[in-house]
Chemist: 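Mind looking over this structure? Questions follow.
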Amino acid sequence: MANAPTANANVALRLAEAFARHGVTVTFGQSLPSAFHLAAPHAGIHQAVYRQENMGGAMADAYARISGKVGVVTAQNGPAATLLVAPLAEAMKASVPVIALVQEVTRDTTDKNAFQELDHIRMFDAVSKFTRRIDRADRLEDYVDMAFVAATSGRPGPAVLLLPADLLLEKAAAASNRRANNGSFPLDRTLADPTRIEQAAKLLAEAKNPVILSGGGVHLSFAASELAALQQDAHLPVGTTFMGKGGVAETHPLSLGVVGNTMGPGARSHFARPIIESADVVLLVGNRTNQNGTDSWKLYPRDATFIHIDPDPLEIGRNYEALRLNGDAKLTLAALREAMLRLDLSSRAAARPALEASIAQGVAEYQARVAGLLARDGSPARPERVMAELDRRLPDDAIVVADASYSSNWINLFLTARRPGQRFLTPRGLAGLGWGVPMAIGAQIAAPNSRVVCLCGDGGFGHSWAELETLRRMGIPVTVIVLNNGILGFQKHAEDMKYGDHTIACDFAEVDHAAIARACGISGVRIERGEEIGAALDAAFASNAPNLIEVLTDPEARPPFTMYHGHYPEPY
């Protein structure tokens, strides 16, 4: 319970009270700004720790994605602040609301080469929607409110508040009478133009081969139930991007799975390419039409009519000219479904059995093709076997987090979204290595009663070893699975394909990652054979404690990228 606001307090306490008013209950920080962290518990805000600022930014990002509230991360000025640039850039590209509180040098030493002084405004300008220095106590709540509005409104994203160290210790006037809470997103749900919604409904109802391609925006809008209802009631097939995975249940007979640059013969969605390529009307939902999601802009049909739902008007028509439905996905999908239900959908309903049969046949062919791979025993283990064992054990409210590169592909292609709204978190805004473990920490803090599993490669995990101590210190029961193939897999395989050789950075010396976990005080086991994976997962989940499973995996294992097809032998 937060203490009652005091009439005689410093700016640090007033800052904490302002953040608490916007629903903040946790901040990710190390020590500085110390005055803020010491004051925050008096406003009901507790501190979640990190070992390094890059990791703290990723924690705040994942916390926001799962909680629907702004993630808050803090840092010291100078080198610590620079380490926030990468995670804020990820949040900017992925449209995640994060607020960074960054300590500044004291106001009387500005521009005098004070210790670790840096021009933070210029540095953060490219990776935030809003950056301001608070120089006066009487403007504190103005800037706090503006930062929250910037982070949660329109297309969400990061904001930065710079805090001179001496300002935080100033005596502050009594708190204002403000009551607004702008800490949840989307802040302002706006409905697209109703006339255009009617146009879109007519296009989809009369189309011969319509398809929905949904991106991460469906999760940012918490619109999965509306998307699933449109899929079912309007008889529309749905494919998702990596970040959109879980927007619909992949067990639904009209679900295509994850589509994009991973639709080679070993992918569940391999069969879906002709369905997408032959589409005459394409509905894009919260979809950036980026390179990976469109297979380098080769997958989506150029002669189709596109309809695009997005809160950011600049994303609509960026790569595909579209009927503009500029608005919130949740409201607009609901309105689109209602508009379609007012139309004659008999042709859509009549086409559904054949479409479902085609999808079912494609999925059955995929399952037959990879069955031996998913059950393969022996050493080194196959990542696909790891995913198959994990898939059998996950409840539909589990949250699976993956690092960038191959790890993101393994979970998106070989785990099953069993309900609309199930979450699979991957850093796909910029896809930086090393963010798997910290994102899992942030997700678990946001959803303490959910099972959270993190998948990393040994390359990405090398960026975040230190946060195993954070898992232990905070008692966060994340299960970390490290796929150790001894190489930077994506880098090595792509270089070999493109150049016929690879750089010396791609091959690692042997590292015992399980021993690192034990050194940090958490359980660490090493698995060498495929048949050992299931028992290790059972033990990890039963422990209800932080733990790590290292699996020695085949260095020749590659996700089914379309660009690899024909260059490497298939593993079936």
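Positions are given from 1, in the same order as the sequence printed here. Scope of the values below: all heavy atoms of this structure, side chains included, with no hydrogens, waters or symmetry mates. The structure displayed is predicted, hence computed values, not measured ones.
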Chemist: Considering residues at least two apart in sequence or located in another chain, which fulfil the side-chain hydrogen bond (donor to acceptor under 3.5 Å, both in side chains) criterion with N287?
Modeler: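 N287: side-chain hydrogen bond (donor to acceptor under 3.5 Å, both in side chains) contacts with Y300.
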Chemist: What side-chain donor-acceptor pairs closer than 3.5 Å can you find for residues 57-64, not counting sequence neighbours?
Modeler:
residue : atom : partner : partner atom : Å
D61     : OD1  : R65     : NE           : 2.4
D61     : OD1  : R65     : NH2          : 3.1
D61     : OD2  : R65     : NH2          : 3.2

Chemist: Is the shortest heavy-atom distance from the side chain of L537 to the side chain of I481 under 4.5 Å?
Modeler: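 A side-chain contact under 4.5 Å exists here.
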Chemist: State the CG-CD distance between L83 and E53, to the nearest 0.5 angstrom.
Modeler: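 So the gap between those two atoms works out to 5.5 Å.
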Chemist: Looking at every non-hydrogen atom in both residues, tell me the closest pair between A272 and L256 and how far apart they are.
Modeler: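 For A272 versus L256, the nearest heavy atoms are CB-CB, 4.0 Å.
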Chemist: Could you list the donor-acceptor pairs under 3.5 angstrom formed by side chains in residues 359-375, with sequence neighbours left out?
Modeler:
residue : atom : partner : partner atom : Å
Q361    : NE2  : E365    : OE2          : 3.1
R369    : NH1  : P265    : O            : 2.7

Chemist: Would you call R418 and D397 a salt bridge, using N to O less than 4.0 angstrom?
Modeler: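 The answer is no: the pair does not qualify as a salt bridge.
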Chemist: Under a 4.5 Å cut-off applied to non-hydrogen side-chain atoms, are E315 and R318 in contact?
Modeler: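 Touching, per the 4.5 Å side-chain cut-off.
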Chemist: Are S221 and D328 close enough that a side-chain donor and a side-chain acceptor fall under 3.5 Å?
Modeler: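 A pair is found: one side chain offers a donor N or O, the other an acceptor, under 3.5 Å apart.
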Chemist: Determine whether L213 and V285 satisfy the following criterion, side-chain contact (heavy atoms from CB on, under 4.5 Å), listing intermediate values before the conclusion.
Modeler: CA-CA 6 Å; L213 300 174; V285 182; over 6 Å; no
Chemist: Could you please spell out the steps behind the side-chain contact (heavy atoms from CB on, under 4.5 Å) verdict for S523 and R518?
Modeler: CA-CA 6 Å; S523 172; R518 293 192 297 271; over 6 Å; no
Chemist: Under the salt bridge (Lys or Arg N to Asp or Glu O under 4.0 Å) rule, what pairs show up with a residue in residues 401-415, not counting sequence neighbours?
Modeler: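 Sorted result for residues 401-415: empty, none.
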Chemist: Evaluate whether atom NE2 of H46 has more than 12 neighbouring non-hydrogen atoms of other residues, nucleotides or ligands under 6.0 angstrom away.
Modeler: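 More than 12 within 6.0 Å, yes.
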Chemist: Taking the side chain as every heavy atom from C-beta outward, state whether F28 and V72 have any atom pair closer than 4.5 Å.
Modeler: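 F28 does not reach V72 side chain to side chain.
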Chemist: Under the side-chain hydrogen bond (donor to acceptor under 3.5 Å, both in side chains) rule, collect the residues that match up with Y572, sequence neighbours excluded.
Modeler: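 side-chain hydrogen bond (donor to acceptor under 3.5 Å, both in side chains) list for Y572, sorted by chain: E570.
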Chemist: Do S255 and Q231 meet the criterion of a side-chain donor-acceptor pair at a distance under 3.5 Å?
Modeler: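 The answer is yes; a qualifying pair exists.
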Chemist: Compile the donor-acceptor pairs under 3.5 Å between side chains in residues 434-452 and protein atoms, sequence neighbours left out, one pair per line.
Modeler:
residue : atom : partner : partner atom : Å
W435    : NE1  : N54     : OD1          : 2.6
Q444    : NE2  : A447    : O            : 3.0
Q444    : NE2  : S450    : O            : 2.9

Chemist: If we count only N and O atoms by modelled type, under 3.5 Å, do the side chains of E550 and N484 hold a donor and an acceptor together?
Modeler: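 The criterion, which ignores hydrogens and geometry beyond distance, is satisfied for N484 and E550.
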Chemist: Return the NZ to CD1 distance between K330 and I309, rounded to the nearest 0.5 Å.
Modeler: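 K330 atom NZ to I309 atom CD1 measures 13.0 Å (nearest 0.5 Å).
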Chemist: Might you point out which heavy atoms bring G266 and P560 nearest each other, and give the distance in Å?
Modeler: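 Heavy atoms of G266 and P560 come nearest at C-CG, 3.7 Å.
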Chemist: Do V248 and V218 come close enough that some side-chain heavy atom pair is under 4.5 Å?
Modeler: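 The answer is no, as the side chains (C-beta and beyond) never meet within the 4.5 Å cut-off.
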Chemist: Locate the shortest heavy-atom distance separating E90 from A431; write the atom from each residue and the value.
Modeler: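 It is OE1-N, 3.4 Å.
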Chemist: I need the F148 CZ to S184 OG distance, nearest 0.5 Å.
Modeler: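 Between atom CZ of F148 and atom OG of S184 there are 10.0 Å.
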Chemist: Taking side-chain contact (heavy atoms from CB on, under 4.5 Å) as the definition, give me every residue that meets it alongside K129, ordered by chain and number, with sequence neighbours left out.
Modeler: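 If we apply the side-chain contact (heavy atoms from CB on, under 4.5 Å) test to K129, skipping adjacent residues, the hits are M92, S153.
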Chemist: Only counting residues at least two apart or in another chain, list the ones meeting side-chain contact (heavy atoms from CB on, under 4.5 Å) with L488.
Modeler: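 Partners of L488 under the side-chain contact (heavy atoms from CB on, under 4.5 Å) test: L433, Q491, F508.
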Chemist: State whether R393 and D538 are salt-bridged, where the test is any N-O pair (Lys NZ or Arg NE/NH1/NH2 against Asp/Glu carboxylate O) under 4.0 Å.
Modeler: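 Yes, R393 and D538 are salt-bridged.
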Chemist: For E469, is there an ion pair with R51 - N to carboxylate O distance below 4.0 angstrom?
Modeler: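 Yes, charged N to carboxylate O under 4.0 Å.
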Chemist: Salt bridge or not between E250 and K245? Use side-chain N to carboxylate O under 4.0 Å.
Modeler: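 Yes, charged N to carboxylate O under 4.0 Å.
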Chemist: Using a 4.5 Å cut-off on heavy atoms from C-beta on, say whether the side chain of I522 contacts that of N547.
Modeler: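 Counting from C-beta outward, N547 and I522 never come under 4.5 Å.
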Chemist: The test is side-chain contact (heavy atoms from CB on, under 4.5 Å); show your working for V160 and I99 and say whether it passes.
Modeler: CA-CA 6 Å; V160 181; I99 291 181; over 6 Å; no
Chemist: State, to 0.1 Å, how close P380 and T553 come at their nearest heavy-atom pair, and which atoms those are.
Modeler: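 That closest heavy-atom pairing would be CB-C, 3.6 Å.
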Chemist: Between E510 and R526, is there a side-chain N and carboxylate O pair less than 4.0 Å apart?
Modeler: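 Salt bridge flag = yes for R526 with E510.
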Chemist: Using the ring centroid of each side chain, check whether Y320 and H308 are separated by less than 6.0 Å.
Modeler: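 When the ring centroids of Y320 and H308 are compared, they turn out to be at least 6.0 Å apart.
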Chemist: Do the side chains of W465 and H513 get nearer than 4.5 Å, heavy atoms only?
Modeler: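 Side-chain contact under 4.5 Å: yes.
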Chemist: Are D310 and R288 ion-paired here, with the side-chain N under 4.0 Å from a carboxylate O?
Modeler: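 No, no charged N to carboxylate O under 4.0 Å.
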Chemist: Does a side-chain N-to-carboxylate-O contact under 4.0 Å join K498 and E495?
Modeler: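 The answer is no: the pair does not qualify as a salt bridge.
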Chemist: What closest approach, in Å, do P571 and R376 show between heavy atoms, and which atom pair accounts for it?
Modeler: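 Of all heavy-atom pairs spanning P571 and R376, the closest is O-NH2, 3.0 Å.
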Chemist: So, do I549 and V482 sit near enough that their side-chain heavy atoms are less than 4.5 Å apart?
Modeler: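 The answer is no, as the side chains (C-beta and beyond) never meet within the 4.5 Å cut-off.
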Chemist: Test ring-ring contact (aromatic ring centres under 6.0 Å, His included) on F424 and F242 and set out the steps.
Modeler: CA-CA 9 Å; F424 300 82; F242 270 40; over 10 Å; no
Chemist: Considering residues at least two apart in sequence or located in another chain, which fulfil the side-chain hydrogen bond (donor to acceptor under 3.5 Å, both in side chains) criterion with T241?
Modeler: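 If we apply the side-chain hydrogen bond (donor to acceptor under 3.5 Å, both in side chains) test to T241, skipping adjacent residues, there are no hits.
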Chemist: Please round to the nearest 0.5 Å and tell me the distance separating atom CG of L455 and atom CD1 of I411.
Modeler: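 So the gap between those two atoms works out to 7.0 Å.
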Chemist: Mind checking side-chain hydrogen bond (donor to acceptor under 3.5 Å, both in side chains) for N319 and listing every partner two or more places apart, or none if nothing turns up?
Modeler: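 Partners of N319 under the side-chain hydrogen bond (donor to acceptor under 3.5 Å, both in side chains) test: T289.
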Chemist: Taking C-beta and beyond as the side chain, do L101 and V73 meet within less than 4.5 Å on heavy atoms?
Modeler: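 Side-chain contact under 4.5 Å: no.
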Chemist: Could you verify whether a donor N or O on one side chain and an acceptor N or O on the other, from D295 and T562, lie under 3.5 Å apart?
Modeler: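 Checked: D295/T562 side chains pair up, N/O donor to acceptor below 3.5 Å.
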Chemist: Identify the two heavy atoms, one from M263 and one from V258, that lie closest to each other, and give their separation to 0.1 Å.
Modeler: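 For M263 versus V258, the nearest heavy atoms are CG-O, 4.4 Å.
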Chemist: Could you pull out all residues at least two apart from F185 that satisfy ring pair (Phe, Tyr, Trp, His ring centres under 6.0 Å)?
Modeler: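 Scan of F185 (ring pair (Phe, Tyr, Trp, His ring centres under 6.0 Å), adjacent residues dropped) gives F222.
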Chemist: Residues in side-chain contact (heavy atoms from CB on, under 4.5 Å) with H493, at least two apart?
Modeler: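 H493 satisfies side-chain contact (heavy atoms from CB on, under 4.5 Å) with Y406, I487, R558, Y564, Y568 only.
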Chemist: Could you check whether Q291 and S296, counting side-chain N and O atoms only, form a donor-acceptor pair closer than 3.5 Å?
Modeler: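 There is such a pair (donor and acceptor under 3.5 Å, judged by atom type) between the side chains of S296 and Q291.
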